[in-house]
Amino acid sequence: MKKLLLTGFEPFLEFPINPTTEIADTLNGTELHNYQIVGEVLSVDFQKSGAQLVEFLKKHNPDAVVSLGLAGGRNCITPERIAINCNDGPVDNQGHQPNGEKIFPEGPDGYFSKLPIKQMVEKLKEAGFPAKISNTAGAYLCNNVMYHGLHYMAEHKLDRPAGFIHIPASHALALEKNMPSWSQEDLLETVKLTIECL
Ligand code: PCA
């Protein structure tokens with residue numbers, strides 16, 4: 001059976017709950033569409049998160065990588081098309097705030113996702129879940145982690161599905177912070193459907 005690394009993030013900024021934490025924890029250790037799922041939760045820390053992902057890639061040597069992040073305010077599931085070589089945005093959980101620096105000074109400007117993002121969007125919509133491709137993952141930790149993963153794949157010449165999917169808030173989070181939200185069950189179901197596309 002193949003192995004899939006599924007990552008979520010811890011809560012950050014004004015969001016006391018990150019629905020991706022629960023998804024990574026729930027699917028950890030399960031079998032899905034011929035993949036053994038290894039779920040891991042990443043910090044929101046410019047100095048640490050990328051290195052954590054790379055450690056998990058080395059430790060688990062997965063056949064596929066799907067990283068999840070919360071996009072508070074988005075109203076649908078958005079597989080990301082591209083990661084850019086830039087750190088920017090608000091403070092991380094350690095109080096660090098980058099200012100547009102490159103993630104890897106010698107790295108390319110960007111990496112395209114190695115996930116079947118079009119098929120994922122089609123599959124989700126067929127199943128009744130609103131979804132669309134996003135052309136920007138921002139420049140915060142989600143972009144940073146996506147870039148780290150794809151950079152590692154490129155450097156090690158690993159041609160494997162890998163990339164990032166942003167998801168909306170869960171209802172539990174929206175009760176704390178008013179924003180568009182989905183049920184945690186639906187969020188979980190959509191992640192399972194995207195894995196089915198691999
Ligand atoms: N979302 C943030 C970082 C962690 C998360 O879940 C982002 O979109 O960059």
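Whatever order the structure lists them in is the order used to number ligands and atoms, beginning at 1. These values consider heavy atoms only, across backbone and side chains, with no hydrogens, waters or symmetry-generated copies. None of these values were measured; they are calculated from a predicted model.
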Does Glu14 pair with Lys177 as a salt bridge, N-O distance under 4.0 Å? no
Quick one: are Glu101 and Asp88 in side-chain contact, heavy atoms under 4.5 Å? no
Report the nearest protein non-hydrogen atom to atom 2 (C) of ligand 1: residue, atom name, distance rounded to 0.1 Å. Cys142 SG, 3.1 Å
Distance from atom 5 (C) of ligand 1 to nearest protein heavy atom, with residue and atom: Phe12 CE2, 3.2 Å
Assess Glu10 for proximity to ligand 1: is some non-hydrogen atom of it under 4.0 Å away? no
Can you check whether His166 has an N/O within less than 3.5 Å of an N/O in ligand 1? yes
Return yes or no for this condition: an N or O of Asn18 is under 3.5 Å from an N or O of ligand 1. yes
With salt bridge (Lys or Arg N to Asp or Glu O under 4.0 Å) as the test, would you mind laying out the steps for Arg74 and Glu80 before giving the verdict? CA-CA 13 Å; Arg74 282 195 195 168; Glu80 295 293 345; 2.8 Å; yes
Check: Phe15 ring centroid to Phe12 ring centroid under 6.0 Å: yes
With a 6.0 Å cut-off on ring centres, are His148 and Tyr152 close enough? no
Ligand 1 atoms in contact with Leu141 (distance to a heavy atom under 4.0 Å): 3 (C), 9 (O)
What atoms in ligand 1 come closer than 4.0 Å to a heavy atom of Leu70? 1 (N), 2 (C), 5 (C), 6 (O), 8 (O)
Exactly one of Leu6, Leu187, Ile167 clears side-chain contact (heavy atoms from CB on, under 4.5 Å) with Thr20, and that residue is Ile167
Which one holds for Asn144 and ligand 1: side chain close, backbone close, both close, or neither close, with close meaning a heavy atom under 4.0 Å? neither
